[in-house]
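Chain naming here is simple, since letters A, B, ... match the order of the sequence lines and numbering starts at 1 in each.
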2 protein chains.
Amino acid sequence: MPRVSRPSSDLPPGQASAPTLDEVASRAGVSRATASRAINGGDRVSATARAAVEAAVRELGYTPNPAARSLVTRRTDSVALVVPEPDERVFSDPFFVHTLRGVNRMLAARDLQLVLLLARPGDERRLLRYLGSRHVDGAIVVSHHRDDQLADHLAALALPCAFIGRPWTSADRVAYVDTDNVAGGRAATELLIERGCRRIATIAGPGDMAAGIDRLKGWRAALRAAHLADDLVGHGDFTEHGGEMAARQLLERAPDLDGIVAASDLMAAGALRALADAGRVVPDDVAVIGYDDVGVPGRTTPPLTTVRNPIGEMAEQAVRLLLEQINDQRGPRPMRVIFPPALVRRDSA
Amino acid sequence: MPRVSRPSSDLPPGQASAPTLDEVASRAGVSRATASRAINGGDRVSATARAAVEAAVRELGYTPNPAARSLVTRRTDSVALVVPEPDERVFSDPFFVHTLRGVNRMLAARDLQLVLLLARPGDERRLLRYLGSRHVDGAIVVSHHRDDQLADHLAALALPCAFIGRPWTSADRVAYVDTDNVAGGRAATELLIERGCRRIATIAGPGDMAAGIDRLKGWRAALRAAHLADDLVGHGDFTEHGGEMAARQLLERAPDLDGIVAASDLMAAGALRALADAGRVVPDDVAVIGYDDVGVPGRTTPPLTTVRNPIGEMAEQAVRLLLEQINDQRGPRPMRVIFPPALVRRDSA
DNA sequence: TTGAAAGCGATACCAA
DNA sequence: TTGGTATCGCTTTCAA
C-alpha cells in the first residue's frame, strides 16, 4: 500500500477568478469593443487606446477566455493528432515520434494546440464523438490501419482532416501526404541488384497498412523486372524484435540469401542483429537496406543504408493541407502531396 | 520536390452547421431547459420528455457545443499532460510511454480528454500562458527537471495540478505521486551486497531530476552502511546508449567491479551490452540491477533483476489527486502518495 | 476611431 | 416537472 500524506496547509482560500475583458476595458478607460480590437486584429484602434489596453492587460494579467472566444469565432485553435494504435508500439517507433514532434512544432508555430487522441479499437465511438462535436478545428491522422475506416468516418463528419500515409479507403475523399512507397521499395531493391545481390529477401511491414503493402509491391516489381525470384517474403510489425525474428526465419529458409530489403529501419536493425548472430558479414555476405532514415540508421553496426522518408516535410505539408481546409470555409476537400523516395547510402548496402 | 495533386471534386458545398439545443428542444416539443436536463443530469425530467428529447438528439445527431457548455460550467473536461522535455528522448523511454498510456486510460475512463503539452525550454511562456487561460481543468506533469520551476509557476497559477515524480521546488505546495527512490536505490544495492558483491558501481540518472538524485543517495547509503566504497559513480541520461557508455568507463576505472546498480532499466540494458562486449558474465562476474520494471527487463540477456515502479498505480493516483483538486472548489492543495519500492528478481542479480 | 448592443449555445435559477 | 430568462465572456456588426 502506498503511503498517503496530506500536509496541513493554509493556502489562499480559492482561485482568484480570472479577469475578464470588461475589467480590462474599464481599467483602460475604453469600451469592451475597443479593448477586444486592441487585443486581436489591432486594426482600427488609436495608438492611445491600444497602449492603454495593453497596459491594462499586463497589469491585470489578462488572458482571453478560450471558451467564450471560440463560441463566437467558431474556432478552437486546436488540432487533434489521432493515433489509432492499440498498444505502445507506436511510441517506440522513431518514425512516429518524429512525426509527432514535427506536427507539434508546425502547429505551435501557428499558435495551434495539439490534442492527442490515442484511440484503442474500442474507443472508436468515443473518438468520433469527440471529433464530431467540434472540440478541435481539424484532425491529423497517423499510423492508419485498414480496419478502422477512419477516413470514411472523417469524410462523413465533414471535419477538416489530413492523413499522414495514404488511407485505405476514401483516399479520393480526404487529404493526405505520403511518400511514394512503391517507388521507394523498388529503388531499395534495385540498389541491391546493382550491387550484385541475386537472392533478395524482404521483411515486409504489417499487411493492414498501406505503407507495408506498397513497399512490398515495389520490392516485387524490381525483382520481376530483373528476372529474379520474389519468393522470400518475411513479415514484421515494424519493430526491431519483429525484424530479427523474420530475418532468422528467412535465413533458415534460404541460407543463400544475399540481400534483405526491410520495410523499416527498426526491422532492418533487427535483421542486422540476426545476421551478426548467424555469422554473416554485412554488407559482404548479405546487404541490408532499411526504410525511414530517422533515429536508427546511424547507430547500427554497420550504419544502415536506407530510403529516406522526409518526415519533417511530411508533417509540415500535412499541417498545411489541414489549415487550407480549415481556412477555406468550403470544408474538407481532397488533396495530396506525395514525396519521392531518396536513397541514403551508408555501409550496409 | 513533392508531387502535388488536387483531384477535381464535387463535394457537398459546406459543413452542415451542427444542430443546437434549441433545435433539439423544438423538435422534441419541450423547452430548451428541459432538453438540457434530459441530456445532462437527467434529474427531474418526466419519462415522456426524456424519451422525446433522446429521440430528437438521435435524429438530429446532436452533440453539445463544448465551448458554450464550458462557458457556463467553467469546466473544459480536459486535462493537460505536461512534458517538459526538449528532445525526443522521452518517447523512447518505456517509463514515460507507459505513464502516458496510464494517464490517458484513467482520464478516458472519466470522460476527460488528454491534451499533450510538449514544452521545449523556450516554450515555457507559451506553456504557462496556455495553462493560465484555463484551456484545461488541470495539469499532470511528468519528467520534471530542476530548471523549469514548473511547480512554482503552477502553484502560483492556482491551477489544479499533480506531478508524477517529486518536483524540485514547491514540493510542499503541489500534489505529487512518487516512489520512494532512496529506499529503492538502497534496496537494489543491498541485494547486490547480500549476493556477495563488494565492488559496486552505480550508473546514476540525470543530476537535475529528483529520481536520479534520490536513487544515487540510496545506493550510497547502502554502501556506507556496509562499509563499502562508494566512489564508483557513472552518469547516464536514462538512455540505453548512455548506460552503455557509462558502464564502459566504469569498467575501465575499476576492472574489479562486481556489481552495477543502474537508475533505469534502459541504462541497465546498455550496461549489459557493455559487459558482454567486455567478456564479463552476468551475474556471475558482475551482477546488474535496473530500475522501473517496464518494457525492457524481460527482453534483455539475461533478464534484468530490477526495482519495480508501479507505473499504472502512479498514473491512477496522479489522476485521482488531480480530480480531487478539480472537484473540491477550494483549489490546489498539496498531497502526496509515495509508493514503496519492490524488488523483482530475475537473472541479472 | 469608438461604443452600444446583438448574438454565439449552452446551464441553472426561479416561478409557475 | 416544466419553461422563461439571466448569464457565462467574448467578437462583431452598425451607428455615431
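Side-chain N/O atoms of S36(A) include one lying less than 4.0 angstrom from OP1 or OP2 on dT11(D). Within the structure, every side-chain polar atom (N or O) of S70(B) is placed at least 4.0 Å from both OP1 and OP2 of dC8(D). Of the side-chain N and O atoms in R44(A), none sit less than 4.0 angstrom from OP1 or OP2 of dT1(C). OP1 or OP2 of dG3(C) sits under 4.0 Å from a side-chain N or O of T34(A). Under 4.0 angstrom from either OP1 or OP2 of dT11(D) there lies at least one side-chain N or O belonging to N40(A). The phosphate of dT2(D) (OP1 or OP2) has a side-chain N or O of S46(B) nearer than 4.0 angstrom.
Straight-line distance from the CG atom of D22(B) to the P atom of dG4(D): 11 Å, rounded to whole Å.
Side-chain proximity of R32(B) to dG9(D), dT11(D), dT5(D): nearest is dT5(D). Considering only the side chain of V72(B), dT11(C) comes nearest among dC10(D), dT2(C), dT11(C).
With respect to the salt-bridge test (charged N to carboxylate O, under 4.0 angstrom), the residues R74(A) and D137(A) do not qualify.
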Pairing annotation in dot-bracket form, given for DNA chain C with Watson-Crick or G-U pairs under 3.5 Å and | for cross-strand partners: ||||||||||||||||

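Donor-acceptor pairing under 3.5 Å, judged by distance alone, is absent between the side chain of R74(B) and the base of dG9(D). In terms of polar N and O atoms assigned as donor or acceptor, the side chain of R37(B) comes within less than 3.5 Å of the base of dG3(D) in a complementary pairing.
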